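Working notes, beginning with the structure itself.
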Protein chains: 2
Amino acid sequence: MPSRLPTLEDVARVAGVSRATVSRVINGIRNVDPQLHEVVWNAVGETGYVPNRLARSLVTRRTGTVALIVSDSETHDDDPFMSRFFADPYFGRVVGGLMSVLRGNGVQLALQIVGTEEGRKRLVGDLRNGQADGAILLSLPPVDPLPRMVVEGGVQTVMIGRPAEPVPISYVDLANDTGAALAAEHLLGRGCRTIGMISGPADVPASNDRISGFRRSMARHGHAWFPLATGNFTRESGELAMRTLLAEHPDLDGVFVANDLMALGALLALRDAGRQVPGDVAMVGFDDSSAATAARPALTTIRHPLEDMAAEAATLLLARVDDADRPVSSVIYEPTLVVRQSA
Amino acid sequence: MPSRLPTLEDVARVAGVSRATVSRVINGIRNVDPQLHEVVWNAVGETGYVPNRLARSLVTRRTGTVALIVSDSETHDDDPFMSRFFADPYFGRVVGGLMSVLRGNGVQLALQIVGTEEGRKRLVGDLRNGQADGAILLSLPPVDPLPRMVVEGGVQTVMIGRPAEPVPISYVDLANDTGAALAAEHLLGRGCRTIGMISGPADVPASNDRISGFRRSMARHGHAWFPLATGNFTRESGELAMRTLLAEHPDLDGVFVANDLMALGALLALRDAGRQVPGDVAMVGFDDSSAATAARPALTTIRHPLEDMAAEAATLLLARVDDADRPVSSVIYEPTLVVRQSA
DNA sequence: ACACTCTCGGAAAGCGCTCTCCAACCCCCT
DNA sequence: AGGGGGTTGGAGAGCGCTTTCCGAGAGTGT
């Protein structure tokens, strides 16, 4: 552990030029004699110099970092929810999608979790102070003050999933309603007569959109009403919801489940009830997560190109970081139906 | 978007004191008149001042950030491997465990992925320069120069999983061999006569330990040899390995699968072959991931307390950051057997 | 040859913060 | 009343880097 790392000054001394010149060479600014150029690089190699990103950031006001903010309404340190969230492939897929773009641009990702009012304030403050060049926001709670806060704080931000309240913020989202409509039509096209739905919490935008898309499509085909049970996106809740649905509507022959994890649970409930899938009851899931292919029967599901969406969010953010005046924009991805065995 | 954020200077002016005094108050250093104390805090509130972490870090040499390094041997930008890795709950569980400790200490996590030689060099350089106070290292490739590099660079680091080569580095690991022995004994105790194993790649330390632990335990019970098939920890590979095993040893009545994901695949292969689990073939998995409870039959498996291990790694790292002279240490977690339906 | 433009390298001013000195002051003891 | 010890607040020197501003030297046209 050498006592001190070489600085620009050291390199300059070795190269026999001024700090400024070394800085120019390193940052690839022309106006430097090619010969000196080489001398400087040699000195850099000799000293083992590595620029100090902190010092550089302080003056350039650029950090080469974007923050991934996971906003939760009120998380306590030992809240099991967070561990549930991280264990869900959703989180990893988002990170993977983001990194696929960020890595190529030499940008690093800093993870920030924020739950309290106090935490949100500090976060926005830090962000404005150049803690990061911009932020990707994953907003979990149905209504979250954070999107508005970052916008008002002038922090470059792109959300994944649309904000619940109207806020002038860029975002990348999935056409959840179209996806649900796809599911409805597939079930209907298969000849199902009594089709139920297992939804997520109604106050979450994505979940709400899936319900309304399904409803609209069903209505168009003459099913103004359909059995609906609500879960919370966990497998257990899906199992429970399916039992409820089955108890109240024994004649059910089709079901749209708002995510694959709940579909997994629903599959179990159906099996326990002695119903064949897709023979007795056809099922369409949502997300095309790894759970869909792991299920037996493999799930027919709506593909949610999460990695692509996250990558797009990163691209959008990077563009905004480069050009702050870029107008707020949103990109909506169209989901597709993936037919497997369950419907 | 105000043109300029308030600085210490501004607060000092408003409060009518010097920069130094404001700094003292904000950092809670005593020796400040309580009355002035209040005046300063009021000024802070009035100006909406937030300390600039970058500037602070530059002088304190503390960033309040630890890096999570995912080291891969040779990743190209569009390598599908990485997306597979992120989609695996393993990654999220690690992040969740780390965050549970870091959050409480106001430390943020910066994600770094490194694949090339060039990238490793730059990473270590940045780390030494105080890009982060320390690093948590997730080393994927069987043999990775990075552990040695960080140690030699004097970067505080804790690995999750032991290094493949002997390097004086702190790490947190699971007693993989004990876990495998647990599985062997459970299968044996159940009365299985012909027990096979589906392992991961033999050059990965964790995988190797599971093989040797299983082998040792089997040998102790008179099974000097047992059928072994190798997979790569994916579900598909587990399915394939199971088919192979079954083809070569039709009398198999027990199998230990080195992770739950492969066990899931093995379960499918068994079903396709018309074997009942656990009736005809008993199965023990490894990890106690969400896949274990989602499987039917639910998997008897070895619990891998990954979140706790990650949390321990974070704790260890934080301690080393506070006291750089702390000796290198390692913590080994003992796995436990979770009995469900499959064995 | 002379004024003129251009190119190039160096000096130095910060970016926002911490922290070491040091001066000023108050209290108490003799 | 005078000196020692203990507080308290301010001035200022950096942390390592970028970048503006200038001056020196070189190249062009008349």
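Per chain, numbering begins at 1; letters A, B, ... match sequence-line order. Worth knowing before you read on, the calculation uses all heavy atoms, side chains too, and leaves out hydrogens, waters and symmetry mates. For clarity, every value in this text was computed on a predicted model and none was experimentally measured.
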For A/Pro142 and A/Ala164, the nearest pair of non-hydrogen atoms, with its separation, is O-CB, 2.8 Å
For the residue pair A/Arg320 and A/Ser170, establish whether any side-chain heavy-atom pair is separated by less than 4.5 Å. yes
Does a side-chain N-to-carboxylate-O contact under 4.0 Å join A/Arg62 and A/Asp322? yes
Kindly give the heavy-atom pair with the smallest separation between B/Gln112 and B/Ala67, and that separation in Å. CG-CB, 4.3 Å
Kindly compute the distance separating CZ (B/Arg56) from CG (A/Leu54), expressed to the nearest 0.5 Å. 13.0 Å
Parallel, tilted or perpendicular: which describes the rings of B/Phe86 and B/Phe91, with under 30° parallel and over 60° perpendicular? perpendicular
Between the two end axes of the helix from C/dA1-D/dT30 to C/dT30-D/dA1, each built from 5 base pairs, what angle do you get to the nearest 10°? 50°
Regarding A/Ser71 and A/Asp144, is there a side-chain donor-to-acceptor distance under 3.5 Å anywhere? yes
B/Ile136 side chain reached by B/Thr157 side chain, heavy atoms, under 4.5 Å: no
Does a side-chain N-to-carboxylate-O contact under 4.0 Å join B/Glu117 and B/Arg120? yes
With sugar-phosphate taken as primed atoms, P, OP1 and OP2 and all else as base, the protein-contact string of nucleotides 11-20 of chain C at under 4.0 Å (heavy atoms; B, S, -) is B-B-BBBBBB
Using chain B heavy atoms and a threshold of under 4.0 Å, write down where along DNA chain D the contacts begin and end, 5' to 3'. D/dT8 to D/dG16
Please name the pair of heavy atoms, one in B/Arg19 and one in B/Leu8, separated by the smallest distance, quoted to 0.1 Å. O-CD1, 4.0 Å
Between C1' of C/dG10 and CG of A/Leu36, the distance in whole Å: 12 Å
